[in-house]
Amino acid sequence: TTSIFRGSARHFSSADAPLARLAANRVLRRGLGEISSEILQKAILDHLSEICNLAPMIELQQDDEVATVATTSTNHFSTSAAVPNEHQLQVALAEMSHLVTSLGEAACESSSSSLLLSAIRKCRMHADPGVRCETATLSAALVNSVPHNILCELLQDGIEECKTHHEQLLELLKRTSDASETATAAASTGARTTSSNKRSFR
């Protein structure tokens, strides 16, 4: 678009992203979430959960020394669907937090529970900190709204995830330590060889 004041193309920056997300959330909340019936709110929550279940996760591969981002799919969703970016996920998660608060225990009825918990598992392992932050907000909304059996499942998931990450970090630390020791030994051997060569030359 050409500005009528400056006569040049408008440049967008990354600083515009939060404003765009806030505007999108306002449209979703005021234009859809707040005026919908409970049945429609649950349908919206399920649809947003499906979108979040397509999120890529950070995974530590067995043969790599660094974490990589991998896209995983579940049986619930089509692998041909477009993977949402971090801005779309933040908008979806923010609206899900409001819907969970509004619906209360009804947010986790029937299949909604597994969809919602699966979305949280995926998004709390996302590479973008904003997505992880919105996932934490959604988890807090769940804690205040849903039955205790769902909270127990959420807590158990978190404990298992902490154990897995702890093991991965220890493995990464071990690999880094082994690589450092190997490099130090190689450097020491090279230094001794150089010193021996100098003595022979003399």
So, for Ala17 and His87, which heavy atoms are closest and what is the spacing to 0.1 Å?
CB-CE1, 3.5 Å
Is any side-chain heavy atom of Glu95 less than 4.5 Å from a side-chain heavy atom of Val91?
no
SG-CZ distance between Cys52 and Arg121, expressed to the nearest 0.5 angstrom
14.0 Å
Determine whether Leu138 and Glu134 make a side-chain contact, defined as any pair of heavy atoms from C-beta on separated by less than 4.5 Å.
no
State, to 0.1 Å, how close Lys122 and Ala55 come at their nearest heavy-atom pair, and which atoms those are.
CD-O, 4.0 Å
Atom CD of Glu50 and atom OG of Ser118: how far apart are they, to the nearest 0.5 Å?
10.5 Å
Would Leu22 end up clustered with Val27 when hydrophobic side chains under 4.5 Å apart are linked, directly or stepwise?
no
Heavy atoms only: give me the nearest Ala94-Asn25 pair and the separation to one decimal.
CB-ND2, 3.5 Å
Step by step, work out the side-chain contact (heavy atoms from CB on, under 4.5 Å) result for Thr164 and Gln168.
CA-CA 6 Å; Thr164 301; Gln168 290 176 339; 4.0 Å; yes
Approximate separation, where rounding is to 0.5 Å, of Leu93 CG and Ser49 OG:
9.0 Å
Say you draw a straight line from CG of Leu99 to CE of Met96; how long is it, rounded to the nearest 0.5 Å?
8.5 Å
If every non-hydrogen atom of Ala141 is compared with every non-hydrogen atom of Ser97, which pair is closest and at what distance?
CB-O, 3.8 Å
Check whether any side-chain N or O of Thr135 sits under 3.5 Å from a backbone N or O of Val131 as a donor-acceptor pair, and report yes or no.
yes
Do Val100 and Leu45 come within less than 4.5 Å of each other through their side chains, counting heavy atoms only?
yes
Between Ile51 and His47, is there a side-chain heavy-atom distance shorter than 4.5 Å?
yes
Residue list, side chain to side chain donor-acceptor pair (under 3.5 Å) with Glu160, at least two apart or on another chain
Gln156
Any heavy-atom pair between the side chains of Lys174 and Ser177 that's under 4.5 Å?
no
Between atom CG of Leu115 and atom CD1 of Ile120, what is the distance when rounded to the nearest 0.5 Å?
11.5 Å
For residues Arg132 and Ala127, report the shortest heavy-atom separation together with the two atoms involved.
NH1-O, 3.0 Å
Gln90 side chain reached by Asp128 side chain, heavy atoms, under 4.5 Å:
yes
Under 4.0 Å between a side-chain nitrogen and a carboxylate oxygen: does that hold for Asp46 and Lys42?
no
Keeping the roles fixed (side chain from Ser36, backbone from Leu32), state whether a donor-acceptor pair exists under 3.5 Å.
yes
Could you tell me whether Ile39 atom CD1 has more than 12 heavy atoms of other residues or ligands within 6.0 Å of it?
no
State the CG-CG distance between Asn53 and Leu116, to the nearest 0.5 angstrom.
9.0 Å
